[in-house]
Amino acid sequence: ETGVTQSPTHLIKTRGQQVTLRCSSQSGHNTVSWYQQALGQGPQFIFQYYREEENGRGNFPPRFSGLQFPNYSSELNVNALELDDSALYLCASSGPRGTQYFGPGTRLTVL
Amino acid sequence: AQSVTQLDSQVPVFEEAPVELRCNYSSSVSVYLFWYVQYPNQGLQLLLKYLSGSTLVKGINGFEAEFNKSQTSFHLRKPSVHISDTAEYFCAVSRGATNKLIFGTGTLLAVQP
């Protein structure tokens with residue numbers, strides 16, 4: 001167990017809807033990174049938050065947005081859902097030494 | 001830009017046999033290297049990491065990996081596998097310890113009795 005939790009575990013949405021995924025980081029970690037893992041592929045970096053500020057972004061459109069709260073928990077928001085957004089969304093937290101520890105993920109299905 | 005190549009999408013092996021999962025990376029700068037394991041319907045678990053120092057890194061569950069700068073490789077090895085090692089294994093690279101991870105496409109280790 002890494003101490004990183006994510007909610008919900010599974011989610012089903014329809015095209016065009018909006019979704020919010022949540023992540024609680026491990027105690028003592030102030031950095032949260034989000035990844036998208038499509039079926040049969042490796043995780044792809046979406047963005048990272050450090051002390052409530054975005055600290056790097058991957059090749060994802062602006063409809064993917066995020067927040068980090070003072071307690072270092074984080075949200076990933078996706079607007080105008082598309083079928084290709086169906087994936088496992090992984091959150092990872094890291095502390096001063098940088099190693100990223102992953103949560104169990106949220107499985108999003110877009111119909 | 002960094003990239004990671006895992007040439008083997010699937011590696012079948014018999015229980016108690018040794019295994020090597022290959023990982024090659026490309027980068028114009030120094031990198032940090034990681035191996036993660038993903039069991040079915042779960043998140044990623046860190047197996048081991050290379051940040052600096054000794055090129056032979058030992059991780060959990062009896063796995064080890066060797067960093068080879070000249071061959072830009074970071075192959076994962078285990079001398080004797082168990083059925084419970086069946087999982088997807090991902091090699092990853094980052095430019096700094098806190099930077100984004102770039103993952104390979106993964107290797108499914110399928111351990112057969």
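Note on naming: letters A, B, ... go to the chains in the order of the sequence lines (proteins, then strands), and numbering restarts at 1 for each one.
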Interface residues of residues 60-71 of chain B facing chain A - heavy atom cut-off under 4.5 Å:
none
Could you name the residues of residues 106-113 of chain B that have a heavy atom within less than 4.5 Å of a heavy atom in chain A?
none
Interchain contact, A:Phe47 with chain B, by part (heavy-atom threshold 4.5 Å)
neither
Tell me whether the count of non-hydrogen atoms from other residues, nucleotides or ligands lying under 6.0 Å of CG in A:Asn71 goes above 12.
yes
Can B:Phe74 be reached from B:Leu101 by stepping across I, L, V, M, F, W or Y side chains whose heavy atoms are under 4.5 Å apart?
no
Does CD belonging to B:Gln10 count more than 12 external heavy atoms closer than 6.0 Å?
yes
More than 12 foreign heavy atoms under 6.0 Å from CG of A:Leu39: is that the case here?
no
Determine, using the 4.5 Å side-chain heavy-atom cutoff (strictly less than), whether B:Leu33 and B:Val57 are members of one ILVMFWY cluster.
yes
Below 4.5 Å from any heavy atom of chain B, which atoms of A:Gln41 appear? Answer side chain, backbone, both or neither.
backbone
Flag yes if A:Tyr89 and B:Tyr39 sit in one hydrophobic cluster, no otherwise; membership is Ile, Leu, Val, Met, Phe, Trp, Tyr, and two members link when side-chain heavy atoms are under 4.5 Å apart.
no
Against chain A, label B:Gln38 side chain, backbone, both or neither, depending on which of its atoms sit under 4.5 Å from a heavy atom there.
side chain
Which atoms of B:Leu46 are under 4.5 Å from chain A, going by heavy atoms: the side chain, the backbone, both sets, or neither?
side chain
Name the option with the most non-hydrogen atom pairs under 4.5 Å to chain B; the candidates are A:Gly56, A:Gly105, A:Ser33, A:Pro43.
A:Pro43
Do B:Leu51 and B:Phe103 share a hydrophobic cluster, counting only Ile, Leu, Val, Met, Phe, Trp and Tyr and linking them when any side-chain heavy atoms are less than 4.5 Å apart?
yes
Please classify the contact of A:Gln37 with chain B as side chain, backbone, both or neither, using a heavy-atom distance under 4.5 Å.
side chain
Can you tell me how far the CG atom of B:Leu44 sits from the CG atom of A:Leu88, to the nearest 0.5 Å?
8.0 Å
Got a sec: does the CD of B:Glu16 have more than 12 other heavy atoms crowding it under 6.0 Å?
no
Give me the atom names and distance for the closest heavy-atom approach of A:Gly42 to B:Phe90.
CA-CE2, 3.5 Å
Tell me the closest heavy-atom pair linking A:Thr99 and B:Lys49, and the distance in Å.
OG1-NZ, 2.8 Å
Is the number of heavy atoms from other residues, nucleotides or ligands under 6.0 Å of A:Arg15 CZ greater than 12?
no
Treating Ile, Leu, Val, Met, Phe, Trp and Tyr as nodes and any side-chain heavy-atom pair under 4.5 angstrom as an edge, say whether A:Tyr101 and B:Ile102 lie in one connected cluster.
no
Without swapping roles, check the side chain of B:Tyr36 against the backbone of A:Phe102 for a donor-acceptor pair under 3.5 Å.
no
Could you pull out the closest heavy-atom pair between A:Leu90 and B:Gly43, with the gap in Å?
CD2-CA, 4.0 Å
Non-hydrogen atoms of B:Asn99 and A:Gln48 that approach each other most closely
C-NE2, 4.3 Å
